[in-house]
Amino acid sequence: MVSLCKKIITPIARASITISTKPTIFTGHEVPFVPFSQLQKIKQLESQIISTLHDCTNLSQIKQTHAYIIRRCLHQSSYVIAKLVRMLSKTSVSMLPYGVSIFSQVRHPNAFLYTALIRGYTIDGMLEESVFVYNSMRRDGLTPVSFTFTALLSASASEKKVDLGRQLHCECVKLGGFEVDYFVDNVLINLYLKCGWLSSGRKVFDESPERDLISWTSLIDAYAKAGRMDSASEMFDRAPAKDMVLWTAMVTGFVQNAKPREALEYFEKMQISGVQTDEITLVGVINACAQLGAAKYANWVRDIAEKSSFSIAKDSHLGSAMIDMYSKCGCLEEAYEIFKNMHKKDVYSYSSMIIGLAYHGRANSAIELFEEMTKTDVGPNAVTFLGVLTACSHAGLVEEGKKFFEIMESTYGVTPCADHYNCMVDLFGRTGRLDEALDVITSMPMEPTAGIWGALLGSCRTFANPDIAEIAARHLFELEPVNIGNYILLADVYVKAERWEDSLKVRKLISEKGLRKTPAFSCVEGEKGVIHEFYAGNMTHPRSTEINEVLENLIERLKLNGYEPDLSSVLYDVNEEEKRRILMKHSEKLALAYALLIAEDGSAIRIVKNLRICVDCHLFMCGVSEISRRKIIVRDNMRFHHFEDGACSCRNFW
DNA sequence: CTAGGGTTAG
């Protein structure tokens with residue numbers, strides 16, 4: 001290999017462009033002087049080779065054509081070689097060095113050939129190398145073409161190098177030796193949006209004379225990713241045309257902003273307007289269903305996938321999303337079925353499944369699956385270990401958890417991040433080892449997050465430890481001054497420790513700060529895929545009278561079994577009778593009663609709650625699962641609870 | 001002939 005290619009392959013320290021002072025305008029391609037008649041023949045041959053190259057689909061075909069090029073003495077033609085290099089960079093990553101070596105044999109590469117190489121590097125995400133080639137090209141006195149800039153700009157966008165991109169764009173405009181087409185504008189819009197410069201991107205978008213559908217989509221997607229769904233919807237309405245990708249961006253946008261109902265609404269509109277859907281659209285829809293936790297919806301999506309003959313078994317995105325959806329809908333068997341049938345299991349499918357098992361309290365299965373995974377060539381990543389550690393903490397497997405935490409870095413090279421420390425705090429905290437949980441926090445190498453202090457505070461409530469709770473609360477009130485949940489937890493700890501006055505003080509603090517409670521609600525699937533939402537204390541459901549009767553009846557029967565309402569779950573300063581009334585109208589109880597009203601024989605009841613299930617409701621569900629001889633599956637914001645024959649799968653580790 | 005939408009955790 002010639003020295004130039006070595007130079008190009010070696011990464012340079014910093015990507016920045018150097019501007020050569022006097023660019024020579026260079027057009028045409030390098031061929032030795034030949035009489036006109038022969039030139040005609042060469043041009044013919046060139047076009048013939050290019051069309052052959054165009055039809056190449058694999059490396060051996062390309063190599064054959066390369067041999068032909070050499071036989072016909074056209075290996076110095078930048079025109080032909082540019083196409084060859086381009087084809088190589090398109091073929092696969094490992095072919096780039098081959099392209100580089102061919103490039104370096106051309107004595108006078110022209111702008112097209114340089115650009116082909118630049119594109120080769122940008123496709124492989126080697127931005128610094130491509131900038132290096134760009135600089136070499138300028139040193140050779142060549143003028144870039146429009147496509148040189150679009151390649152470099154789009155690479156800067158995906159690497160989020162906004163400064164480099166702007167520098168390139170400035171040079172592109174300044175140079176102007178060619179027509180700067182609207183396409184450069186579009187790539188610039190994309191650069192700004194990808195780098196989070198929304199207003200700059202919008203400005204170029206507004207001023208650009210030719211905005212096409214792709215730019216509309218980029219803009220709308222950028223708004224969605226920034227959590228600005230109102231702006232996204234507004235632009236969506238204004239978009240002159242709407243294709244599959246644009247619709248999908250909206251569906252996915254709503255999902256990313258935790259608005260699954262709107263996502264499904266848009267999906268429906270999309271279908272009505274006759275736009276096709278593909279796997280990517282469906283992944284969005286699947287995630288919406290996962291958020292809803294509605295089992296009937298899960299089956300509905302699966303039907304769509306199967307009818308559209310999308311391959312759940314082959315597409316990792318689709319399969320993993322579906323595993324996640326089924327486990328979040330409480331259907332672990334279906335999730336496992338999908339997992340089992342996947343042809344090639346990757347880190348996503350394994351992790352989704354491990355996390356699913358963890359949330360359903362199946363710690364041993366999760367660990368087994370992890371061990372099975374380590375025997376394959378699929379390496380675990382940070383998320384996989386989150387799943388494994390979650391499994392341990394939700395099952396009280398302290399020693400196992402400690403072991404996994406140790407080996408994740410030493411054996412698998414995965415450096416623990418704050419979330420992993422969060423799991424460790426949980427692991428110790430849930431089993432009452434609060435001092436050790438606190439030790440984890442004080443010894444961790446990064447700043448503890450609010451979630452970590454929150455986990456500690458939650459454990460302090462379970463084990464009535466006001467001393468450590470106060471430490472956690474102090475940090476939490478600083479980190480999240482308006483999160484009412486933290487104040488409620490602390491007040492709760494004081495109640496458990498029978499320090500009524502302190503509890504009262506915290507509640508005063510809540511009202512002084514004017515914090516309002518997050519309304520608790522629970523959902524249950526009714527007939528025809530209608531999801532019924534129940535808010536705590538709200539009796540506006542059309543069948544409220546019946547719901548009330550069911551609840552009264554259940555309580556009577558449970559009392560015979562020794563159930564006594566756990567009044568400590570009610571923090572308000574009211575009399576016992578009122579506390580009983582409040583408890584009775586907890587959202588998950590209302591949802592349960594409604595579910596019992598409409599449930600078919602023998603079917604399991606699935607409830608999704610936005611907050612953590614309270615102690616009394618947990619007790620209540622246990623009892624109802626026994627007397628009604630029905631499985632009750634509750635998903636709260638922490639995990640799943642499977643109630644069966646009077647016991648819960650969480651074994652009180654929640 | 002270049003640019004837009006996707007998977008696991010919290």
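For the numbers below, each heavy atom of this structure counts, side chains included, while hydrogens, waters and symmetry mates do not. If you're wondering where the values come from, they're calculated on a predicted model, not measured in any experiment. So that the names make sense, note that chain A is the first sequence line, chain B the second, and so on, each numbered from 1.
Under the side-chain contact (heavy atoms from CB on, under 4.5 Å) criterion, A/Ile407 pairs with A/Phe404, A/Ser410, A/Thr411, A/Tyr412, not counting sequence neighbours. Qualifying salt bridge (Lys or Arg N to Asp or Glu O under 4.0 Å) partners for A/Glu372, counting only residues two or more places apart in sequence or in other chains: none. For A/Phe236, the side-chain contact (heavy atoms from CB on, under 4.5 Å) test picks out A/Ile220, A/Lys242, A/Leu246, A/Trp247, A/Met250, A/Tyr266, with sequence neighbours left out.
The base of B/dG6 does not come close enough to the side chain of A/Asn287 for any donor and acceptor atom to sit less than 3.5 Å apart. A donor-acceptor contact under 3.5 Å is formed by the side chain of A/Thr248 with the base of B/dG5. With hydrogens and angles ignored, no donor-acceptor pair under 3.5 angstrom links the side chain of A/Asn190 to the base of B/dG4. Looking at A/Asp243, its side chain comes within 3.5 Å of the base of B/dG4 through a donor and an acceptor atom. Counting distance only, with no hydrogens placed and no angle test, the side-chain atoms of A/Ser352 and the base atoms of B/dT8 include no donor-acceptor pair under 3.5 Å. Residue A/Ser320 places no side-chain atom within donor-acceptor reach of the base of B/dT8, judged by atom type and a 3.5 Å distance cut-off alone.
The stretch residues 374-394 of chain A comes close to DNA chain B through A/Val383, A/Leu386, each having a heavy atom under 4.0 Å from the strand. Near DNA chain B, meaning a heavy atom under 4.0 Å away, the residues from residues 321-337 of chain A are A/Asp324, A/Lys328. Near DNA chain B, meaning a heavy atom under 4.0 Å from it, residues 249-257 of chain A has A/Thr252, A/Gln256 in order of number.
Stacking between A/Tyr348 and the base of B/dT8 is absent under the criterion of ring centres within 5.5 Å and planes under 30 degrees.
Relative to the ring axis of A/Phe521, A/Lys609 does not place its NZ or CZ within 45° and under 6.0 Å from the centre.
Considering only the side chain of A/Arg86, B/dC1 comes nearest among B/dC1, B/dA9, B/dG4.
No donor-acceptor pair closer than 3.5 Å links the side chain of A/Asn299 to the backbone N or O of A/Arg302.
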